[in-house]
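Just below is one structure, and these are the notes that go with it.
Because only heavy atoms are used, hydrogens play no part in the values below, and waters and symmetry mates are left out as well, while side chains stay in.
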Amino acid sequence: MRIDIITVLPEMLDGFINTSILARAQKKGLVEVYVHNLRDYTTDKHRRVDDYPFGGFAGMVMQCQPIDACISKLTAERNYDQIIFTTPDGEKFDQPMANELSLSKNLIILCGHYKGIDYRIREHLITKEVSIGDYVLTGGEIAAAAMSDAIVRLV
């Protein structure tokens, strides 16, 4: 199994994926976990990934361009069973979902930030929106870590 995690804060995941069960699974060759810094895919000289929502509204969302560039690069290399977006308004992550996802060969997890992502990304690239609970976190990294741990335990 391969899990690709796309984030604006890769340092939040470094310790988590390199310790405990995720580290053991990777050492045994059962799982590969890659963290992609979304800022590496932006064309902006300041490496910005946030923008005003398409069509207006208050707050900031993650831009289309870097997300599209990253997901396009990954999907050109292999087929993914799911492209998951971590969001508080997504489908609740539970054991049956973990069981289902553990049977996947390749997963992308896009960590949400700000007020979410541009709706066009949700509409055209995301295959599953997932929440780990009815609360708002700093970002989707904690959700991605929790989901990865639950899925890898089953592998």
How close do [X] and [Y] get, counting heavy atoms only, and between which atoms?
X    : Y    : result
I109 : A144 : CG2-CB, 3.7 Å
C70  : L38  : CB-CD1, 4.4 Å
F93  : A98  : CZ-CB, 3.7 Å

Pairwise side-chain contact, [X] with [Y], heavy-atom cut-off 4.5 Å (strictly under):
X    : Y    : answer
V8   : C111 : no
R47  : D40  : yes
K73  : H36  : no
L101 : I84  : yes
L107 : M147 : no
I3   : I17  : no
I21  : D149 : yes

Side chains of T7 and E141: is there a donor and an acceptor less than 3.5 Å apart?
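On atom types as modelled, these side chains qualify, holding a pair under 3.5 Å.
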
Inter-residue atom distance [X].[atom1] - [Y].[atom2], 0.5 Å rounding:
X    : Y    : atom1 : atom2 : answer
I6   : L74  : CD1   : CG    : 5.5 Å
Q26  : E32  : CD    : CD    : 8.5 Å
L30  : R24  : CG    : CZ    : 11.0 Å
E129 : E91  : CD    : CD    : 10.0 Å
I5   : N37  : CD1   : CG    : 13.0 Å
I67  : R122 : CD1   : CZ    : 10.5 Å

Residue pairs fulfilling side chain to side chain donor-acceptor pair (under 3.5 Å) with at least one residue in residues 92-104, sequence neighbours excluded:
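Qualifying pairs: Q95-N99.
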
When you measure from the side chain of D68 to the backbone N and O of C64, does any donor-acceptor pair fall under 3.5 Å?
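Not confirmed, D68 side chain does not pair with C64 backbone.
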
Main chain of I108, side chain of D4: is a donor-acceptor contact present, judged purely on distance under 3.5 Å?
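Pair absent, no side-chain N/O of D4 close to backbone of I108.
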
What residue among T43, T42, I71 forms side chain to side chain contact (heavy atoms under 4.5 Å, CB included) with P66?
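Only one option passes, and that is T42.
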
Under the criterion side chain to side chain contact (heavy atoms under 4.5 Å, CB included), which of T86, T87, L125, I126 is the partner of L110?
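Among T86, T87, L125, I126, the one meeting side chain to side chain contact (heavy atoms under 4.5 Å, CB included) with L110 is I126.
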
Treating Ile, Leu, Val, Met, Phe, Trp and Tyr as nodes and any side-chain heavy-atom pair under 4.5 angstrom as an edge, say whether Y41 and I117 lie in one connected cluster.
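Y41 and I117: separate clusters.
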
Would V33 end up clustered with I142 when hydrophobic side chains under 4.5 Å apart are linked, directly or stepwise?
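Yes, it is one cluster - the side chains of V33 and I142 are joined through contacts under 4.5 Å.
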
Take atom CG of N79 as the centre, draw a 6.0 Å sphere, and report whether it contains more than 12 heavy atoms from other residues, nucleotides or ligands.
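Incorrect, the count does not exceed 12.
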
Could you give me the CA-CA distance, side-chain angles and deciding distance for R39 and D44, then say whether salt bridge (charged side-chain N to carboxylate O under 4.0 Å, His left out) is met?
CA-CA 9 Å; R39 295 181 193 285; D44 183 288; over 6 Å; no

Just to verify, what does E11 make a side chain to side chain donor-acceptor pair (under 3.5 Å) with, not counting sequence neighbours?
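Scan of E11 (side chain to side chain donor-acceptor pair (under 3.5 Å), adjacent residues dropped) gives none.
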
